[in-house]
Each structure stands twice: as C-alpha cells, then as structure tokens.
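Below is one structure, written out as structure tokens; the observations come after it.
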Amino acid sequence: MTSGPTVLAGGGVVAALRAAGVGRNEPLAVVAVGAGLGLASGRGGWAVPTGPDAAGVVTRIEAELAPRWVWWSVHGSPAALVAGGLRPAACWDLAAVHRLLHGGRRDDPAPVWAGARGLPPPAPVPTGGRPVGRGQLDLLAVAEEAETGGDLDEPVRPDGQLRTDWADERWTDPRWDGPAGDAARTLRRAVRWAELALTVRDAQEQRLGAHIDPRPRPGPTGLAVLTARAESAAELLARELECDGLPIDRPTAERMIAASAGPRPRDDADDGSIRRARDAPVLAHLPGGVDLRNPASVRSGLRAVGIDVPDTRSGRLERLRGTHPAVGALLDWRKAERIATTYGYRWLDTFVGPDDRLRGSWQGSDGAGGRMTAQAGLHNLPAELRVAVAAEPGCLLVRADLGQIEPRVLAAVSGDPALARATAADDLYAPVAARLAVERPVAKIAVLAAMYGQTSGAAGQALRQMRAAYPRALAYLDAADENGRAGRDVSTFGGRLIRTSSVITGSAGPGNSTSSGNSAGSGDWAAGADGATVAARGRFARNAVVQGSAAELFKAWAVTVRHALAADRPAAGPPGGIVLCLHDELLLQVPAERAEATRQLLHDTLTATAGYWAAGSGVRFVADVTIVRRWSEAKA
DNA sequence: TGCGCTACGTA
DNA sequence: CGTACGTAGCGCAG
C-alpha cells in the first residue's frame with residue numbers, strides 16, 4: 001500500500017486486469033474521477049488515467065471481461081459512465097443493497113459505510129456536502145473532523161465513520177491539492193475509494209448470505225443475495241431509462257393537448273383568454289363568482305344549484321351526472337384541466353427532448369415497499385395520452401404485464417398451499433370464487449380486502465370466508481398487520497427491511513399527525529398513537545410486505561429481461577430495450593422484426609425468474625404480452 | 001417561500 | 001376507515 005496502486009495506461013488495462021485474474025462476474029469496483037478511473041478487485045487496485053474517455057475504457061473492460069461492477073451508488077461517479085454509454089451486464093450497488101438491508105432511502109456513502117461496519121448512521125448530507133438537521137453542532141463536527149482526522153488521504157475517521165469530505169466524492173478540494181489539483185493524487189484516492197467499496201460489498205454479501213430464507217430453495221445462492229443483485233441492476237436500469245427516455249409521437253401529443261387545453265398560448269394574455277374559454281361552459285351552469293380551481297368555491301356553487309355534496313371528488317360527482325348539467329360539465333372540465341396543467345405544453349416542452357423522447361428521473365427503489373418511482377409524469381400519464389407513446393419507425397412496442405401479481409405473490413410468500421393451487425388458473429379469482437362459493441367480483445374484493453386491510457362494506461363477510469379457506473395467507477397478512485401496529489419492522493420476501501417505525505408518508509400513512517417526524521423511538525411509538533393511526537400503520541405493513549415483495553419480483557424480472565435483450569442485441573440496427581417500468585408492467589421498444597421473439601423472451605424470462613424467486617412454492621406467474629405500435633393499443 | 005389540503009393520474 | 005406513488009393549484013402561515 002505504501003508504494004501506491006499500479007498505474008495502468010488506458011490501452012493496456014484489459015490485458016493487465018485479465019493477467020491479474022479479473023474475470024466474468026468477479027467484483028470489480030470502479031470510481032470515476034476527472035483524471036480517470038480507480039479500480040479495485042480482490043487481486044489489487046489500479047489507477048487508470050483515461051482523460052475524457054473513461055466511459056470508453058470501462059466499456060472495453062465490460063466487453064472483454066464482464067466483471068460485476070461495484071459502485072457506491074450508480075447515482076455517484078458511475079452515472080457519467082452510464083451516460084457515456086456503459087451498459088454492463090452485472091453490478092453491485094452498495095447504496096441499493098444498503099437500502100435493502102437497512103431500509104430508508106439514503107444514497108450517500110457515509111451511511112452505507114456505517115451500515116456495513118455496524119456503526120450508527122451519520123446525519124444526512126445534502127448535495128452541498130454539509131450535514132443538516134442539527135445546525136451548528138454538525139458544522140462543528142466537520143471542523144473537528146478536519147482537525148482530528150489526520151491524514152487527508154485517509155477516508156476513515158478515528159471514530160470509524162467516513163470523512164464527509166471523502167464521502168461527497170469531490171477530492172479536488174484546494175485544501176488538499178491547491179487550486180490546480182493533483183491528478184495523480186486524486187487517482188490514488190479513487191483507487192482507495194474503490195478498495196473501500198469492495199470491503200463494503202463483501203460485508204454486505206456476508207450479511208445477505210446470513211439471511212434465513214423464508215422458504216427453502218435450491219441452489220447455492222440465497223434469495224437475499226439474488227435480490228441484492230437484482231436491486232442493483234434495477235438502479236442501473238433506472239439510470240438507463242433516464243438516458244434513453246420514452247418515445248413520443250410529438251404531433252399526436254400536441255393534438256391531444258390541444259383537444260383538452262386549447263391551442264398553444266402565444267403569451268400570458270392569450271393564455272388567460274384560452275383559460276376563460278375553457279371555463280365558460282361550466283360557469284354557464286353555475287352562479288357568478290365561482291372559481292373552478294377552488295374546491296370550496298365549487299362546492300358552494302353546486303349547492304346553489306341544489307347539489308349538496310360533502311366534497312367535490314369526481315367519484316362522488318360521477319353518480320350525480322344526470323341530476324344537473326353543471327355536474328357533467330364540471331367533470332369534463334376537470335379532465336381537460338388536468339391535461340392542461342399537468343400534461344400540457346409546459347410538460348411537453350420540459351420533459352420531451354428534441355429527439356422526441358420523454359425523460360424524467362427514475363428511482364430504482366423508493367417508498368415503503370421499494371417500488372420504482374419516476375418523475376415527469378412517467379408513472380401517472382393519463383390513459384388518454386398513451387396514444388402519444390408510439391414506437392419509432394421500424395420498431396414496435398411490446399407491452400407485458402404481470403397478471404394478478406399481488407395475490408400470486410401472497411401465495412408464494414405465505415406458502416399457502418390452497419392459494420398456490422389457485423394460481424394454476426389464468427384468472428386466479430375464478431378458483432377463489434369457487435372455493436368461497438361466491439361470485440367472482442366478491443372473491444376479488446375479498447382478496448383485495450385481505451391484502452389492503454379493508455374492513456368496511458361487503459368485504460367483512462368475504463374476509464371471514466377467506467380466513468377459513470386460506471388460513472396461511474391470512475395469518476401471514478395478520479402477522480404483518482400486528483407488527484405494523486406495534487411499530488415493529490417487517491421484511492419483504494427478498495429481505496428488504498421496511499421500517500414501520502420511521503416511515504413518513506401522507507396523512508393515511510403510519511407517520512401522520514401527532515407523531516411528527518421520525519424522532520419518536522419505537523418504544524412510545526404505539527402508545528402515543530390513537531386507534532385510527534395504529535390501524536393505519538397495520539394496513540401499511542400488511543400491504544407493504546405484499547406490494548414490496550411484488551416489486552422485488554417485478555424488478556428481478558425486469559433486469560432479467562434487460563439482460564436477455566442485451567444478449568439478443570442485433571448485429572446491426574437499433575437494439576431493443578426497456579423504455580418504461582410501471583409496477584407490474586414493462587414497455588419495450590424493439591425492432592419490428594424482433595417483436596415476436598421478444599414476446600417469447602418475456603415469457604421465458606418470467607419463467608426463469610419465478611423459478612428461483614418462488615422456487616418450491618408451486619405458484620404460477622403469468623404475463624400478458626401484446627405487440628403494438630402505440631401504447632394505447634395494448635389492452636388494459 | 002414553504003406547507004397542508006384537495007384533487008386526480010397511475011399501479 | 002383499502003395501499004403505494006407524483007403533480008398541481010389554492011389558501012394560509014411565515
């Protein structure tokens with residue numbers, strides 16, 4: 001270590017790594033800095049001055065050696081590599097695996113390191129590089145760290161935590177190198193940083209391997225490790241989705257927006273008159289002075305024409321469509337207004353690039369159960385706008401969705417043999433209905449009520465029947481509910497820790513009203529909450545174990561599809577790829593002549609994924625695949 | 001300016 | 001008093 005890492009020329013890096021024994025699927029940590037790359041494997045560390053071609057060098061290593069790339073977070077320095085075209089087959093995302101093991105949504109190296117070393121999590125550090133949350137105390141801590149940390153080339157503080165000025169990955173601080181920087185020294189730090197990443201990975205894998213599988217399964221690698229790999233790849237996929245975008249037929253999008261919002265306004269005054277024109281048909285049915293964008297005003301306006309409603313939600317008003325012309329006009333207006341405000345010209349101009357691709361940021365795992373999330377409306381595009389999502393010339397869209405994934409996942413994770421038998425049917429609700437001796441719609445309500453915790457209405461009786469028919473599935477859900485009520489953390493099937501004790505969501509979530517923030521310890525968690533809040537936390541946990549496990553299966557499938565598509569990459573022409581992930585649905589764009597083969601690929605990959613994910617459970621998963629030009633042509 | 005509320009889009 | 005998420009406009013507090 002005193003002699004420093006080996007310095008490799010960019011051209012000779014593949015040969016040198018191969019000579020050192022770096023091979024397929026073998027962990028190889030990478031850190032990209034301005035001057036080049038820091039690489040580390042179990043066989044050594046290498047500094048690779050690349051200049052601006054870092055992505056090219058890494059891509060060559062990938063093509064020749066296909067290691068398992070290890071990075072602190074794909075949102076960190078590797079983001080530039082992905083943006084530069086790197087499309088690796090395998091990776092290990094320390095932050096993603098950290099979230100799997102410890103819950104939460106932290107993405108910065110400091111808590112990842114702390115988690116791997118069994119240290120308490122450090123205070124959050126925003127992009128600015130300064131801790132937040134306790135004000136001056138943390139500023140003092142930073143100063144203290146600089147004083148007591150000793151060697152600036154040593155990333156670990158005396159207390160075992162990471163130095164924050166290392167963790168923010170900006171090693172060109174003039175305190176160290178002077179304003180001009182010192183490229184060689186920065187590269188040495190990058191290698192050290194990569195070596196640390198490798199130690200974190202090893203600790204994570206050991207911890208994952210120690211996870212006791214909920215059900216016995218064949219093969220040497222437990223589900224937790226496989227899930228860690230899939231979650232890592234899902235974060236990578238998220239970056240790729242950000243880069244590649246969703247193909248949009250811009251003229252059609254413009255036409256759809258114009259139909260709802262009117263023509264594109266030339267200026268503010270024009271915008272005002274277009275808005276007034278949109279409002280006019282509704283206001284004609286209401287007394288003067290009503291503000292359509294103010295629910296309270298709308299409610300009093302409706303009362304003035306004899307419609308008395310506690311709120312003006314569309315679900316409530318829909319039933320009153322026939323009673324007064326104002327109702328229908330208002331509902332139609334609301335739909336148009338949604339397009340105009342959220343998915344209008346501003347949305348188009350902001351998120352659809354000159355190459356007619358809709359791009360937003362993606363998270364591979366967010367929220368309670370670790371679903372993927374996306375911005376820019378990618379996850380809540382109104383159905384009527386899907387007509388504007390269209391394959392480019394020479395390509396087709398392939399849409400695949402997992403049928404009834406949540407009850408099937410419930411059957412797998414709970415190990416309920418009767419529910420597992422029901423998954424043999426394409427329509428799971430049919431055998432459930434037969435078993436409960438009820439109509440199919442009732443069976444569906446009963447299953448959903450069990451998973452979501454609904455207690456009111458027709459669900460009550462059906463729920464009792466469910467409990468009798470599928471006791472093991474219901475016991476699994478009830479246990480999650482009870483854990484949530486008590487503030488005990490729960491786990492998904494793949495081993496994701498769901499912290500019921502500190503999650504903060506909306507008012508319906510477990511962290512509402514009186515218990516502001518996450519400061520409350522788990523001890524007074526249940527005691528301080530009222531009955532409704534406790535019940536909400538129970539429902540949250542009940543749902544999270546199913547939704548979260550389903551998210552893991554979905555992502556495992558998605559990244560398997562991604563991998564298979566890359567292996568199938570045509571010699572010439574555009575490669576096929578995933579362009580959208582939507583909880584239980586994949587949207588692919590592929591060359592037209594490959595569409596049918598892609599259909600088969602989707603089924604095969606699901607079989608393979610479910611084969612290990614739900615091994616031994618007897619649960620069948622099904623995908624519905626349609627090949628279309630436009631997303632709207634796929635049946636819902 | 002920031003936050004809670006209402007509302008509505010998706011799964 | 002069925003879950004999760006993202007986005008926008010309004011009203012209010014600061």
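Throughout, protein chains are lettered first and strands after them, A, B, ... in sequence-line order, and every chain is numbered starting at 1.
Comparing B:dC5 with C:dC1, their P atoms sit 14 Å apart, to the nearest whole Å.
Residue A:Arg299 is classed as having no contact, given no heavy-atom separation below 4.0 Å to the nucleic acid. Counting any heavy atom pair closer than 4.0 Å across all strands shown, A:Arg542 reaches no nucleic acid atom. Looking at heavy-atom distances under 4.0 Å, A:Arg338 makes contact with a base.
Under the side-chain contact (heavy atoms from CB on, under 4.5 Å) criterion, A:Ala475 pairs with no residue at all, not counting sequence neighbours. With sequence neighbours left out, A:Thr607 forms a side-chain contact (heavy atoms from CB on, under 4.5 Å) with no residue at all. Listed by chain and number, the residues in a side chain to side chain donor-acceptor pair (under 3.5 Å) with A:Thr609 are A:Thr560 (sequence neighbours excluded). Every residue meeting the side-chain contact (heavy atoms from CB on, under 4.5 Å) condition with A:Tyr476, not counting sequence neighbours, appears here in chain and number order: A:Leu410, A:Val413, A:Ser414, A:Val545. Residues satisfying the side chain to side chain donor-acceptor pair (under 3.5 Å) test with A:Arg99, not counting sequence neighbours, are A:Asp107, A:Glu235. Partners of A:Ser273 by side-chain contact (heavy atoms from CB on, under 4.5 Å), not counting sequence neighbours, listed by chain and number: A:Asp270, A:Arg276.
Sorted by first then second residue, the salt bridge (Lys or Arg N to Asp or Glu O under 4.0 Å) pairs that include residues 321-333 of chain A, not counting sequence neighbours, are A:Glu318-A:Arg321, A:Arg321-A:Asp332.
Side-chain contact of A:Ser365 with A:Arg496: a donor-acceptor pair under 3.5 Å is present, judged by distance alone. Side-chain atoms of A:Tyr343 and A:Glu384 include no donor-acceptor pair closer than 3.5 Å.
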Protein-nucleotides 10-13 of chain C N/O pairs closer than 3.5 Å?
unit_1, atom_1, unit_2, atom_2, d
C:dG11, OP1, A:Asn294, ND2, 2.6

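Rounded to whole angstrom, the span from the CG atom of A:Leu358 across to the P atom of C:dT7 amounts to 11 Å. Distance, A:Leu330 CG to B:dT6 C1': 13 Å, rounded to whole Å. One atom, OH of A:Tyr343, and another, P of B:dA7, lie 18 Å apart when rounded to the nearest Å. Distance, A:Leu587 CG to B:dT10 P: 15 Å, rounded to whole Å.
The shortest distance between the side-chain N/O atoms of A:Arg334 and the OP1/OP2 oxygens of B:dC8 is below 4.0 Å. At the phosphate of C:dT7, neither OP1 nor OP2 sits under 4.0 Å from any side-chain N or O atom of A:Thr341. Look at A:Thr342 and you won't find any side-chain N or O under 4.0 angstrom from OP1 or OP2 of B:dG9.
Note that A:Arg435 lies in the cation-pi zone of A:Tyr470, set by a 6.0 Å cut-off to the ring centre and a 45° limit from the axis.
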Result block: side-chain N/O donor-acceptor pairs under 3.5 angstrom for residues 253-263 of chain A, not counting sequence neighbours:
unit_1, atom_1, unit_2, atom_2, d
A:Glu254, OE2, A:Arg264, NH2, 3.4
A:Arg255, NH2, A:Thr252, OG1, 3.4

**Q.** Verdict with supporting geometry, A:Arg630 and A:Asp249, side chain to side chain contact (heavy atoms under 4.5 Å, CB included)
**A.** CA-CA 9 Å; A:Arg630 296 177 183 275; A:Asp249 170 7; 3.0 Å; yes
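Contacts of residues 319-326 of chain A with DNA chain B (heavy atom under 4.0 Å): none. Contacts between residues 370-384 of chain A and DNA chain B, defined by a heavy-atom separation below 4.0 Å, involve A:Arg371, A:His379, A:Asn380, A:Leu381, A:Pro382, A:Ala383, listed by number.
Taking 4.0 Å as the cut-off between side-chain N and carboxylate O, A:Asp481 and A:Arg542 count as a salt-bridged pair. With salt bridges taken as basic N to acidic carboxylate O contacts below 4.0 Å, one links A:Glu242 and A:Arg239.
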**Q.** Dot-bracket encoding per residue of DNA chain C, Watson-Crick/G-U cut-off under 3.5 Å, | denoting interstrand
**A.** ..|||||||||||.
